[in-house]
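To start, the structure under review is shown below, and the notes come after it.
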Amino acid sequence: MGNKPIVSFNSFELIQEAFVKNADAFAGRPNTQLKVLRGGIYGIVMTDGELWHTHRKFALHVLKKFGMGKNLMQERVINEVRWMIDEMKEEELKNGENEMSVHKKIDVAVGSIINLLIFGYAFHEQYLEEFFKIKNFMRDFIKVSGNPLFRILSADTSGILQRLPGFKTAYNEGKRLGDELRTFFNYQIQERRQKIDFSQDSEPTDYVEAYLREQQKNEKAGEDLEMFSNEQLFGCVFDMWLAAQETTSNTLSWMVLYMMTNPESQNLLHQELDKIIGSDRIITIEDKMNLPYVNAVVAETQRCCNLMPNNVPHRLITDINFHGYSLKADTIVVPQISSVLYDETIFPEPLKFKPERFIDANGKFISKPELIPFSIGKRACLGEGLARLELYLITANLLNQFELSIIPSKPPNMTPIIGGVKISQPFLTHVKQRF
Ligand code: HEM
């Protein structure tokens, strides 16, 4: 990375041995991220040590309280799924045509789910414009962060490169987006702060409220205010919003594309839904066990789209001897999940979309330990439970309600835009209601 060598771990066994069995040693993050993006080394994704540990634990605790893995979280997700389906049906009726940007609808639904958890409101009606504003900043930000020049800049601690032609443009663009996002989120935090009655000791309803109450509790107890600082709040909100939105929404975008371009798979999925559900009722988590093909489509989408082709780099915290190699503390190490997802000894014909690889001889869904799109070890995705719930509920309900196909005159371009995550090119879908 820049002038720093990277040690890449490319097989499932090696990744497990390093990042799970030696989890503590492999749990650092390189201290090379440009401060322009988060205003410093703040948040969860790029920090390590006590700051990271405290805030990862705090965020997980808050998500758990809001029902991650329970019915309460399902309710929140289903409300947004209903909104998305109604919007799609309305658009079809209103315009009398069925060419639609399905991904845009998914994007808003996924954005609303994370925004509800973080700030307590969904992006319906008057808030839609706000969603597209922040969404555009985020998308440009992801593109910039995938720019090789920007990656080299991140590793340059001297500050010289950012003044050179080419690098300067990338730096300025990153800085502009960092500033826009900071202004936007800090404004939202301020708005949220003003609505909280701190004189009442009530249960928080969103992450920002939980954080601000914790901050106030520490202040009252005369404790260290650095740990729950305002900068750290911005960093955490930024990280969770970005990590939750772009990953989940883009995975679902690939799911729609795979369904459009693999009509025989979509047909099998519809057959299963007709047999097991057989109506336009909302599908819930209680149906999951009976829908092996839906689960297989979600699993194969995650494997095939290989959403984070470079994963997020880690840093070795201590010296370690690994398979005869002596690795020094501070070495940058990467669990290359993409090498595992495309390993043909585990997933034959890895470039082909084949949900059947996750179905056994008895027609049951089989999960494979090597399917690791959320990574593994201490830095594995913090929102895995929420993401899994969203991927299943949105896939099952969207496909139960609609048939999705290619518009012959506007076939989708399947070439991904590679940034921090693999983004699909904009595309339109032919949508037909099934009920
Ligand atoms: C399909 C959806 C998602 C995928 C594929 C995904 C994947 C990942 C991956 C590969 C990492 C890096 C792991 C590593 O460093 O080895 C990560 C980290 C993270 N993810 Fe997700 N993620 C998804 C959804 C979410 C959601 C919904 C949230 C919501 C809170 C979230 C929050 C985070 C955070 C905060 C981190 C940083 C964890 C840390 O550094 O300790 N992600 N995710």
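Count residues from 1 along the sequence. Keep in mind that what you see is a predicted model, and the values were worked out from it rather than measured. Below, all heavy atoms of this structure are taken into account, side chains as well, without hydrogens, waters or symmetry copies.
- With 3.5 Å as the limit, one finds no donor-acceptor pair spanning the side chains of T429 and H103.
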Exercise. Would F132 and D107 count as a side chain to side chain contact (heavy atoms under 4.5 Å, CB included) if you check the C-alpha gap in whole Å, the side-chain angles of each, and the deciding distance to 0.1 Å?
Worked result: CA-CA 9 Å; F132 288 115; D107 221 10; 5.6 Å; no
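- A salt bridge (Lys or Arg N to Asp or Glu O under 4.0 Å) with R357 is found for exactly one of E370, E300, E344, E349, namely E300.
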Problem set entry | Worked check of side chain to side chain contact (heavy atoms under 4.5 Å, CB included) between T251 and Q302 | CA-CA 7 Å; T251 302; Q302 285 211 274; 4.0 Å; yes
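- Listed for the D239 side chain is a donor-acceptor partner under 3.5 Å among the backbone atoms of V45.
- M259 has its side chain out of reach of T301: every pair of non-hydrogen atoms, C-beta onward, lies at least 4.5 Å apart.
- In this structure, D360 places its CG atom where more than 12 heavy-atom neighbours from other residues, nucleotides or ligands lie under 6.0 Å away.
- With contacts defined as side-chain heavy-atom distances shorter than 4.5 Å, the pair L117/R76 qualifies.
- Figure legend: cation-pi geometry between R182 and F238 absent, as NZ or CZ is not positioned both under 6.0 Å from the six-membered ring centre and within 45° of its axis.
- Residues D206 and I118 form no side-chain contact, since every pair of their non-hydrogen atoms from C-beta on lies 4.5 Å or further apart.
- In terms of heavy-atom proximity, N400 sits nearest to S279 at ND2-O, 3.0 Å.
- Nearest approach of F137 to L181, heavy atoms of both residues: CB-CD2, 3.7 Å.
- Side chain of H270 to main chain of F402: a donor-acceptor pair is present (N/O by atom type, distance under 3.5 Å, no hydrogens or angles).
- Atom CD of Q245 is separated from atom CD1 of I114 by 8.5 Å, given to the nearest 0.5 angstrom.
- E50 CD: 12 or fewer foreign heavy atoms inside a 6.0 Å radius.
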Exercise. Going through the distances and angles, do K275 and E272 end up as a salt bridge (charged side-chain N to carboxylate O under 4.0 Å, His left out)?
Worked result: CA-CA 5 Å; K275 189 167 152 218; E272 177 176 276; over 6 Å; no
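- Partners of R434 according to the salt bridge (Lys or Arg N to Asp or Glu O under 4.0 Å) rule, which considers only residues two or more places apart in sequence or in another chain, are D274.
- Here the side chain of Q232 pairs no donor or acceptor atom with the backbone of E226 at under 3.5 angstrom.
- Between P313 and R29 the shortest side-chain heavy-atom distance does not fall below 4.5 Å.
- Ring centroid separation for the pair F234 and F184 does not come in under the 6.0 Å cut-off.
- Aromatic ring orientation, Y207 versus Y211: tilted (interplanar angle from 30° to 60°).
- With Y42 contributing its side chain and L233 its backbone, the two residues share no donor-acceptor pair below 3.5 Å.
- Closest non-hydrogen pair, G43 versus T47, comes out as O-OG1, 2.8 Å.
- Judged by distance alone, with hydrogens and angles left aside, the side-chain atoms of Q401 form no donor-acceptor pair with the main-chain N or O of F435 at under 3.5 Å.
- Annotation: side chain of V237 is not in contact with side chain of Q188 (no heavy-atom distance under 4.5 Å).
- Around the NZ atom of K432, the shell of radius 6.0 Å holds no more than 12 heavy atoms that belong to other residues, nucleotides or ligands.
- Here the CE atom belonging to M308 is positioned 11.5 Å from the CG atom belonging to L341, to the nearest 0.5 angstrom.
- Between the side chains of E209 and T205, at least one donor N or O sits under 3.5 Å from an acceptor N or O.
- Two residues are said to be in side-chain contact when any heavy atoms from C-beta on lie closer than 4.5 Å; F427 and M260 meet this criterion.
- Here CG of L128 is found 7.5 Å from OG of S112. Values are rounded to the nearest 0.5 Å.
- Taken from CG in L257 to OG in S424, the straight-line distance is 5.5 Å, to the nearest 0.5 Å.
- Side-chain contact between I282 and L393 is absent, with no heavy-atom pair separated by less than 4.5 Å.
- The number of heavy-atom neighbours closer than 6.0 Å to NE2 of H53, taken from other residues, nucleotides and ligands shown, is 12 or below.
- Between the D343 side chain and the P350 main chain, no donor and acceptor come within less than 3.5 Å of each other.
- For the pair Q266 and L404, the minimum side-chain heavy-atom distance is below 4.5 Å.
- Both tests hold for K288 against Y392: distance to the six-membered ring centre under 6.0 Å, angle to the ring axis within 45°.
- E180 and R176 are joined by a salt bridge, as a carboxylate oxygen and a charged side-chain nitrogen come within less than 4.0 angstrom of each other.
- Side-chain contact annotation: H124 with E80, donor-acceptor N/O pair under 3.5 Å present.
- Residues Y121 and E130 bring a donor and an acceptor atom of their side chains to less than 3.5 Å of each other.
- A donor-acceptor distance shorter than 3.5 angstrom exists from the side chain of D287 to the backbone of T284, with no hydrogens or angles considered.
- In this structure, the ring of F365 has its center no less than 6.0 angstrom from the ring center of Y293.
- Remark: the K175 side chain and the Q162 side chain contain no N/O donor-acceptor pair separated by less than 3.5 Å.
- Atom CD1 of I134 and atom CG of L242 lie 9.5 Å apart (nearest 0.5 Å).
- Under the 30°/60° scheme for interplanar angles, the aromatic rings of F228 and F58 are found to stand perpendicular.
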Exercise. Going through the checks in order, is the side chain to side chain contact (heavy atoms under 4.5 Å, CB included) test met by Q74 and E286?
Worked result: CA-CA 10 Å; Q74 165 159 254; E286 283 70 38; 3.6 Å; yes
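- One N or O on the side chain of T247 and one on the backbone of A244 form a donor-acceptor pair closer than 3.5 Å.
- Side-chain contact annotation: N230 with Q215, donor-acceptor N/O pair under 3.5 Å present.
- Exactly one residue among K422, K135, R139 makes a salt bridge (Lys or Arg N to Asp or Glu O under 4.0 Å) with E246. That residue is K135.
- Heavy-atom contacts from other residues, nucleotides or ligands closer than 6.0 Å to OH of Y187 number 12 or fewer.
- In this structure, R379 forms no cation-pi arrangement with F19, as its terminal cationic atom is not both closer than 6.0 Å to the ring centre and no more than 45° off the ring axis.
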For this session: Go through the steps for Q433 and E403 under the test side chain to side chain contact (heavy atoms under 4.5 Å, CB included), then give the verdict.
Result: CA-CA 6 Å; Q433 282 191 49; E403 197 180 304; over 6 Å; no
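- To the nearest 0.5 Å, atoms CZ (F9) and NE2 (H314) are separated by 10.5 Å.
- Not counting sequence neighbours, the partners of D48 by the side chain to side chain donor-acceptor pair (under 3.5 Å) test are R315.
- Counted within 6.0 Å of CD on E264, heavy atoms from surrounding residues, nucleotides or ligands total more than 12; the atom is thus considered enclosed.
- Remark: side-chain polar atoms of N295 are paired, donor with acceptor, to backbone N or O of L291 under 3.5 angstrom.
- Remark: the backbone N or O of G111 is not paired with any side-chain donor or acceptor of N115 at under 3.5 angstrom.
- Other residues, nucleotides and ligands contribute only 12 or fewer heavy atoms inside 6.0 Å of the NZ atom of K104.
- Here the shortest heavy-atom pairing between A18 and F26 reads O-CD1, 3.2 Å.
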